[in-house]
Engineer: 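Structure in structure tokens, see below.
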Amino acid sequence: MGSVLLAITYIGGWILSMRIFGYFWKNRKLAINDAEPWFPEHVARNQYIALLQAEPEASDNQLMAALLRRAMEDVVRVLSMREDKQVLANLVKQGTLGDDIWTQFTLSEKELEAEIMAVIEEANTFKEGWGQTILQTASEMVMHEKTKQLQKELAVRKEEEGRKQALREEKASAKAN
Amino acid sequence: MSVDLQILNEKVVCAQHKNEVCPECNQSFVEINDLTRHLKATNGVIPPPGAVLPLRSQQIAKMREDGNTHFRAQRHQEAITAYTNAINIAFDRPLWEPTGLAREELAVLLCNRSAAYIARKEWVNAYVDAEGVIELKRPWSKGHFRLGRALFGMGRHEEGIEALKLGLMFDPESAEIQKALKEAEETYGLEEDA
């Protein structure tokens, strides 16, 4: 009799401790996932995924274009994280910033790595070997886009400067009179 | 998180308002559509990084030459048109083509167009183009030279002299800048005192 009771208590104890452990483990996982992401929403990735599911189907060209935009955003994020890493490491070493920001950062780093792997995989589904070059192409595109923005800038500036110059000329002729 | 889009007439648009760029849905699909257009032109082939298809470069070079011919014949308005066409094509290169090439082309085109604007005394246009040249290729003394001329035209004499001095710093041998600087200091130096 006593030994049966003992056996039941033993097993019960095990089950109880498993459940307690499970409770704390879940909470830890939730805390990690709830940790604020380093970047806001990945719009380009969402657009790519939406395009994959579009009815009627998107053309291959459209999907490749969307994948390239997604890769471009990834490149921008990688560069940004590289800069941040230096600064962050110093601040954490100094003690100005807590460890939880560092954890947040490293988690986001891992996420970004996984995202890039996913992009490379997707690229290979369009063309064998594209995965190898898509990131290089995306890097070039990021730089090129900056040059393109100059075009809009020029138009805006012409208008602004035109107005400023008109004011200047008005003042100058007012002074002369 | 999910994006509400649809494909309309081969373009990607937002499902609710059928817009390429929709401030209400807070989405922009114009980048994807532009890229798609470029991919269509190359039949879905993305050249390896660094490669350039020669056709566009040839077009741009031809238009630049046309512009130069007009300029030399004092047909400045026609020159500006030719340069503008070349500039628009150069800005519309597919994004995967090398940035360096585009910047070189644009620097020269903007510099030439700036000269044409200066000849027509359209100082503001010349000024903005010259600033563009300097942003693309700062150590190129010609950009600073044009900026200086434009600033003088606008009545901003001090800034003009500064621009010429900066240009001279990058290219101390430049005869045209030396000449312009000397003239400017004589002319505008006198005006200040008067």
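Chain letters run A, B, ... following the sequence lines, proteins first, then strands; residues in each count from 1.
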Engineer: With a 4.5 angstrom heavy-atom cut-off, which part of A/Glu57 approaches chain B: side chain, backbone, both or neither?
Structural biologist: backbone
Engineer: Which residue out of A/Gln53, A/Arg168, A/Gln136 racks up the most heavy-atom pairs below 4.5 Å with chain B?
Structural biologist: A/Arg168
Engineer: Under 4.0 Å between a Lys/Arg side-chain N and an Asp/Glu carboxylate O for A/Arg157 and B/Glu135?
Structural biologist: yes
Engineer: Which atoms of A/Ile49 are under 4.5 Å from chain B, going by heavy atoms: the side chain, the backbone, both sets, or neither?
Structural biologist: neither
Engineer: Does a donor on one side chain and an acceptor on the other come within less than 3.5 Å for B/Tyr83 and B/Asp66?
Structural biologist: no
Engineer: Could you have a look at A/Glu55, A/Met143, A/Lys164 and say which one has the most heavy-atom pairs with chain B under 4.5 angstrom?
Structural biologist: A/Met143
Engineer: Are A/Thr96 and A/Gln94 linked by a side-chain donor-acceptor pair shorter than 3.5 Å?
Structural biologist: yes
Engineer: Got a salt bridge between A/Lys148 and A/Glu145, using NZ or NE/NH1/NH2 to carboxylate O under 4.0 Å?
Structural biologist: no
Engineer: Establish, from distance only, whether the side-chain atoms of B/Glu24 and B/Gln16 form a donor-acceptor pair under 3.5 Å.
Structural biologist: no
Engineer: Could B/Arg64 and B/Glu105 be called an ion pair, given the rule that one side-chain N must be under 4.0 Å from one carboxylate O?
Structural biologist: no
Engineer: Report which part of A/Gln165 has an atom under 4.5 Å of a heavy atom belonging to chain B: side chain, backbone, both, or neither.
Structural biologist: side chain
Engineer: So which part of B/Asn26 gets closer than 4.5 Å to some heavy atom of chain A, the side chain, the backbone, both or neither?
Structural biologist: neither
Engineer: Pick whichever of B/Pro47, B/Ala102, B/Pro98, B/Gly132 has the most heavy-atom pairs under 4.5 Å with chain A.
Structural biologist: B/Pro98
Engineer: Side chain from CB out, backbone as N, CA, C, O: work out which of these in B/Val128 comes under 4.5 Å of a heavy atom of chain A, or both, or neither.
Structural biologist: both
Engineer: With no hydrogens and no angle check, just 3.5 Å: does a side-chain donor-acceptor pair link A/Asn46 and A/Glu41?
Structural biologist: yes
Engineer: Does any backbone or side-chain atom of A/Leu63 lie under 4.5 Å from a heavy atom of chain B? Answer side chain, backbone, both or neither.
Structural biologist: neither
Engineer: What residues of residues 65-74 of chain A make heavy-atom contacts with chain B at a cutoff under 4.5 angstrom?
Structural biologist: A/Ala65, A/Ala66, A/Leu68, A/Arg69, A/Met72
Engineer: Under 3.5 Å, is there a donor-acceptor pair between the B/Asp171 and B/Trp140 side chains?
Structural biologist: no
Engineer: Just to verify, what does B/Glu65 make a side chain to side chain donor-acceptor pair (under 3.5 Å) with, not counting sequence neighbours?
Structural biologist: none
Engineer: If only side-chain N and O atoms count, and only distance matters, is there a donor-acceptor pair under 3.5 Å linking B/Glu97 with A/His144?
Structural biologist: no
Engineer: Distance under 6.0 Å and angle within 45° of the ring axis: does B/Arg113 meet both against B/Phe71?
Structural biologist: no
Engineer: Checking heavy atoms, do the side chain of B/Pro94, its backbone, both or neither come under 4.5 Å from chain A?
Structural biologist: backbone
Engineer: Specify which of B/Asn43, B/Asp129, B/Val124, B/Leu106 makes the most heavy-atom pairs with chain A at under 4.5 Å.
Structural biologist: B/Val124
Engineer: Report the option among A/Glu153, A/Lys127, A/Gln151 that has the most heavy-atom pairs separated by less than 4.5 Å from atoms of chain B.
Structural biologist: A/Gln151
Engineer: Hydrogens and angles aside, do A/Ser173 and A/Glu170 bring a side-chain donor and acceptor to less than 3.5 Å of each other?
Structural biologist: no
Engineer: So which residue, B/Arg93, B/Gln6, B/Arg37, B/Lys11, ends up with the most heavy-atom pairs under 4.5 Å with chain A?
Structural biologist: B/Arg93
Engineer: Which one of A/Thr133, A/Val142, A/Thr137, A/Leu150 has the most heavy-atom pairs closer than 4.5 Å to chain B?
Structural biologist: A/Leu150
Engineer: Decide whether B/Thr99 and A/Glu140 meet the rule of one side-chain donor and one side-chain acceptor closer than 3.5 Å.
Structural biologist: yes
